[in-house]
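See structure below.
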Amino acid sequence: MLKNDIAITPELIKAHGLKPDEYQRILDLIGREPTWTELGIFSAMWNEHCSYKSSKKWLKQLPTKGARVLIGPGENAGVVDIGDGQAVVFKMESHNHPSYIEPYQGATTGVGGILRDVFTMGARPIAAMNALRFGAPDHPKTRHIVAGVVAGVGGYGNSFGVPTVGGEVEFHPRYNGNCLVNAFAAGLLKTDEIFLSEAKGVGMPVVYLGSKTGRDGMGGATMASAEFDDDSHEKRPTVQVGDPFAEKLLLEASLELMASGAVIAIQDMGAAGLTCSAVEMGAKGNLGLTLNLDKVPTREPGMTAYEMMLSESQERMLMVLHPHLEEKAEAIFRKWGLDFAIVGETTDTLRFVVEHHGQVMADLPIKDLGDQAPEYDRPWVEPKRQPVLAAADVPAPQDYGRALLDLVGSPNQSSRRWVWEQYDHLIQGNTVQRPGGDAAVVRVERPNGGHAKGLAFTCDVTPRYVEADPYEGGKQAIAESWRNLSAVGALPIAVTDNLNFGNPERPEIIGQFVHALKGVGEACIALDMPIVSGNVSLYNETNGEAILPTPAIGAVGLMDDVTRTIGVALAADGDVLVLIGDTTGWLGQSSYLYELHGREEGAPPPVDLAAEKRHGDFVRAAVIDGRVTAAHDLSSGGLLVGVAEMAMAGAKGARLLLPETEVPLHAFLFGEDQARYVVTAAPEDASRLIVDAAMAGVPATAIGAVGGDSLTLGGLLTVSIDALSQRHESWMPNWMSAA
Amino acid sequence: MKARVTVTLKHGVLDPQGKAIQGALKSLGFAGVDDVRQGKLIELELATADRAEAQAQLTDMCEKLLANTVIENYRIELI
Amino acid sequence: MKARVTVTLKHGVLDPQGKAIQGALKSLGFAGVDDVRQGKLIELELATADRAEAQAQLTDMCEKLLANTVIENYRIELI
Amino acid sequence: MKSAVLVFPGINRERDMARAFREVTGVEPIMVWHTETELPDVDVVAVPGGFSYGDYLRCGAIAARSPIIPALRAHAAAGRHVLGVCNGFQILTETGLLPGALMRNASLRFVCKEVRLRVDNAATAFTSAYAPGQVIRCPIAHGEGNYFADPETLAELEGEGRVVFRYCDAEGRITEAANPNGAVDGIAGIVNAAGNVLGMMPHPENLIEALQGGLDGRGIFESLARAA
Ligand SMILES: Nc1ncnc2c1ncn2[C@@H]1O[C@H](COP(=O)(O)OP(=O)(O)O)[C@@H](O)[C@H]1O
Ligand SMILES: [Mg+2]
């Protein structure tokens with residue numbers, strides 16, 4: 001019987017986020033009362049964040065396989081084959097709650113965590129993105145959180161040395177009490193040099209590497225799974241501080257160590273630190289594991305076993321090494337100035353044993369910690385769907401020019417330059433498409449020379465759509481990422497998802513979750529974009545108000561020849577603008593309706609996945625064949641905003657023709673019908689393109705020509721590109737500097 | 001009136017700067033240096049001549065701006 | 001022995017951080033705040049118990065590393 | 001031309017710098033770890049960008065006290081070339097090989113974007129491939145690039161034509177709007193009195209291929225190859 005100095009009271013159990021029936025499950029599993037340390041271990045392993053207990057059932061139904069998928073969900077990050085013996089490794093992860101409490105440090109440690117997930121697999125990070133959602137611009141906390149989060153994302157990534165090439169920033173009052181910080185990272189490795197967390201062999205040394213352990217983020221994983229209330233400031237001392245310098249050293253040391261052949265298994269210490277990483281390594285390898293905490297490098301004196309097991313100090317790794325290569329490994333870590341300690345060994349007992357000061361502090365069945373975690377089929381209700389909103393129920397603007405200016409200068413439609421200029425997006429020298437376009441493109445050199453490939457990256461989701469119809473909104477998030485990748489000439493190959501929702505104990509929330517996932521899954525199958533990694537963040541609620549359902553998608557595309565990519569900028573006077581796709585004038589849940597009329601009404605635009613596939617394949621082929629000079633997908637803001645963005649990017653005007661259509665003009669110009677793009681081409685090429693499109697069953701219409709220094713539409717609208725850019729670029733800096 | 005505010009990290013909060021400085025001092029040959037912590041110093045001039053008022057104002061400034069009370073402590077000195 | 005080193009910008013060196021803090025304080029409604037300067041505070045623990053030796057050591061540390069004497073002044077306090 | 005690139009812990013643009021030397025001069029540079037005390041026999045030593053020691057304490061301060069620095073001083077004293085970019089520039093000012101200091105950007109924000117530079121001295125070993133007064137494009141990526149020097153030092157720099165690059169607008173005018181970090185007189189890069197040590201905040205190594213959007217940065221490496 002293990003000695004327990006601290007009485008396990010119902011209050012203590014509750015404070016660990018364990019429900020009475022979950023505690024009963026622990027008693028049944030181990031046949032005795034747990035020690036305090038064991039209770040901590042169970043609470044870390046069984047909280048929502050680590051166990052996925054409310055979401056597992058639904059995640060299992062997602063499409064995760066594909067011809068290119070080498071490793072799907074379950075490891076630190078997904079791995080996708082890109083040919084030539086190379087693979088891209090990527091994942092997206094949330095750091096929502098910590099960022100709300102301490103925006104700068106919350107964001108840094110979020111970026112640090114996702115980078116670690118990627119290089120733990122043996123990959124050198126080559127790109128990062130960040131999907132951010134904040135409360136209303138006029139909410140008193142929003143500006144402070146934006147400033148801190150953006151500085152934090154940059155502060156970590158810039159110092160670490162990865163280009164941050166894309167992301168999203170959106171404002172909505174439903175994020176007033178819970179901001180979202182979703183960080184994405186991608187890395188590159190050789191397919192025969194992938195490292196996994198599964199321990200192998202009995203009696204192998206378990207080695208601790210990186211920074212020392214402090215009392216950082218005590219119970220952080222538990223916090224991430226608890227709703228906020230008004231005294232959430234009580235939880236403040238759990239803040240972790242990021243050290244990008246230590247992480248950069250850890251990257252170099254880890255890659256050097258992996259190349260030396262000393263590593264059997266590797267796992268970074270993320271949420272619930274030493275506990276999660278050690279249990280995972282042992283359990284995956286069907287082995288037991290014994291830790292001796294006296295050996296753990298600590299930053300503060302007098303740390304208890306409980307604290308060491310639950311600490312979330314950053315920039316740490318756990319490895320299982322080949323015994324005869326320990327010294328070589330240690331030398332590498334000393335060279336990089338990092339801590340190195342043998343803290344345990346693998347056993348054949350299938351027990352997870354933790355010793356401290358000569359006492360056994362925990363002795364638990366290692367596999368049950370993960371396998372026997374509770375799994376819930378939480379009750380859910382069918383989401384209430386909004387009825388279709390007729391264009392006639394949305395007023396047309398008095399002045400189209402003013403409406404366009406107001407829209408491109410609105411909080412959600414304005415330029416994010418203020419954000420991405422704080423991120424080093426050029427480091428490594430491979431950035432071919434910089435932020436500001438549809439998707440970022442990064443060069444990938446082939447191992448044996450030859451023309452370089454490209455990888456394209458984008459982040460997408462439209463939470464207003466998901467709220468109004470989770471199923472269509474889920475589909476739309478995938479469809480939009482497909483379009484963004486196709487528009488730059490990349491073939492979408494796989495995605496990662498970051499599912500941000502409210503409290504899963506509420507049937508409406510699980511209802512949203514279930515339907516959004518159904519939509520995401522169907523779209524992934526139709527567009528052949530398997531989900532290879534992801535993350536779930538629940539309990540994003542404050543005082544009973546949940547965030548908008550936000551299944552953020554990070555998508556990756558591949559180009560055989562990176563030089564074929566094109567951007568959104570209008571390129572040459574005289575080029576013809578061609579609209580690809582059908583326009584019905586769908587104004588429900590549109591940006592026009594929200595930003596200019598303050599209304600969130602109607603069903604979101606339906607997504608026709610077959611049309612998405614056809615149109616995307618057509619546009620991508622045209623880009624790769626060099627038949628178009630610019631390409632842009634149409635999403636929020638619709639056609640007029642899309643063309644305005646192309647004009648601003650190219651600092652060139654365009655003359656649009658009045659459309660011959662039954663669709664009311666304002667719905668035609670601002671509607672958000674899906675599966676649409678605008679491309680430009682020289683006149684002869686454009687005519688041929690339109691004919692070819694017809695043959696391929698893709699609607700394509702000439703809508704105007706490039707030229708002048710204004711955007712014009714018949715006699716209805718004339719706005720200078722300077723005025724557009726001025727409004728587009730100024731909202732965010734002005735808002736940030738206004739106090 | 002002149003005032004000086006010092007802002008330091010709370011106990012237990014990781015201080016990467018302090019750690020780096022400690023390492024650098026060691027490699028420059030300074031022995032026996034321990035527990036290096038870096039903080040901020042803010043000096044300012046206040047219009048008021050009333051010490052109590054100054055103290056109250058400075059506390060307010062620290063809480064609202066100068067210190068990040070989530071991870072930092074502050075100390076106020078009037079000179 | 002505990003020591004505290006404060007490093008401040010020399011007079012005449014522009015201090016963008018101080019200026020930004022001053023601006024922020026003003027926009028938060030604090031009136032009459034002037035001449036805000038930001039500096040660094042480095043706290044450390046020395047092995048020696050000899051004050052003179054500590055003082056000499058710290059001066060050496062400041063000259064060699066802790067301050068950039070092109071733009072900064074330093075002050076040493078033993079506690 | 002033979003070159004070496006110094007690597008300190010936390011430096012992160014050493015690969016970018018190595019690529020530029022390789023692409024432009026055709027010779028792979030030698031990477032030198034900071035704990036070395038000798039430099040290989042090379043024409044140019046580059047001190048690349050990044051966040052040496054996390055930029056903790058002051059940018060470049062800790063790296064400037066590394067074991068390799070005496071060898072770097074000797075290399076410079078022998079009249080051979082030293083190119084410091086971004087963190088490398090900060091390290092060179094911290095070692096005293098270049099005068100002045102780099103302070104926090106006036107905006108207090110890190111800034112990554114493409115700027116324009118005016119070549120104010122095209123007669124150096126680093127800039128002979130450019131025309132005097134030529135306006136080039138160049139990326140920047142830094143949080144502390146705000147160049148500062150006391151009035152005497154500035155007068156000396158100006159008097160001796162040692163300001164090599166200045167931030168400017170498309171027409172080559174030195175304006176506040178074209179200055180990304182508040183640097184005094186728009187100074188983006190300077191040389192030492194002997195003319196063999198250049199420090200600059202912008203990153204010419206990131207603009208050497210059409211794929212990167214331009215070739216304007218090549219001139220530095222071409223000039224160095226020519227001088228060797
Ligand atoms: N947080 C961010 N970090 C980096 N880039 C960003 C961020 N937010 C937006 N961007 C960039 O700004 C551009 C416009 O973003 P967005 O309007 O969301 O694009 P789209 O509608 O095509 O998905 C994209 O290139 C995007 O990557
Ligand atoms: Mg797009």
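Residue numbers start from 1 in every chain, and the chains themselves are labelled A, B, ... in the order their sequence lines are given, proteins ahead of strands.
Taking each heavy atom of Ala106(D) and Pro16(C) in turn, the nearest pair found is CA-CB, 4.1 Å. Nearest heavy atoms, Phe148(D) versus Leu14(C): CE1-N, 4.1 Å.
Contact annotation for Val7(C): neither backbone nor side-chain heavy atoms come within less than 4.5 Å of a heavy atom of chain D. Of the two parts of Leu108(D), only the side chain, counted from C-beta on, holds a non-hydrogen atom closer than 4.5 Å to a non-hydrogen atom of chain C. Proximity to chain C is limited to the side chain of Arg65(D), based on heavy atoms less than 4.5 angstrom apart. With a 4.5 angstrom heavy-atom cutoff, Asp150(D) does not touch chain C via any of its atoms.
Atom CD of Glu171(D) is surrounded by more than 12 heavy atoms from other residues, nucleotides or ligands within 6.0 Å. Counted within 6.0 Å of CD on Glu38(D), heavy atoms from surrounding residues, nucleotides or ligands total 12 or fewer; the atom is thus considered open.
Between Asp15(C) and Met103(D) there is no side-chain heavy-atom pair separated by less than 4.5 Å.
For residues 132-143 of chain D, the set of pairs meeting the salt bridge (Lys or Arg N to Asp or Glu O under 4.0 Å) definition, not counting sequence neighbours, comprises Glu114(D)-Arg137(D). Applying the salt bridge (Lys or Arg N to Asp or Glu O under 4.0 Å) test to residues at least two apart or on different chains, the pairs with a partner in residues 66-81 of chain D are Asp41(D)-Arg80(D).
Contacts between residues 57-79 of chain C and chain D, counted as heavy-atom pairs separated by less than 4.5 Å, involve Lys64(C), Leu65(C), Leu66(C), Ala67(C), Asn68(C), Val70(C), Ile71(C), Glu72(C).
When the ring-ring contact (aromatic ring centres under 6.0 Å, His included) test is applied to Phe51(D), no partner is found at least two apart in sequence or on another chain.
Rounding to the nearest 0.5 angstrom, the gap separating the CZ atom in Arg104(D) from the CD atom in Gln38(C) is 8.0 Å.
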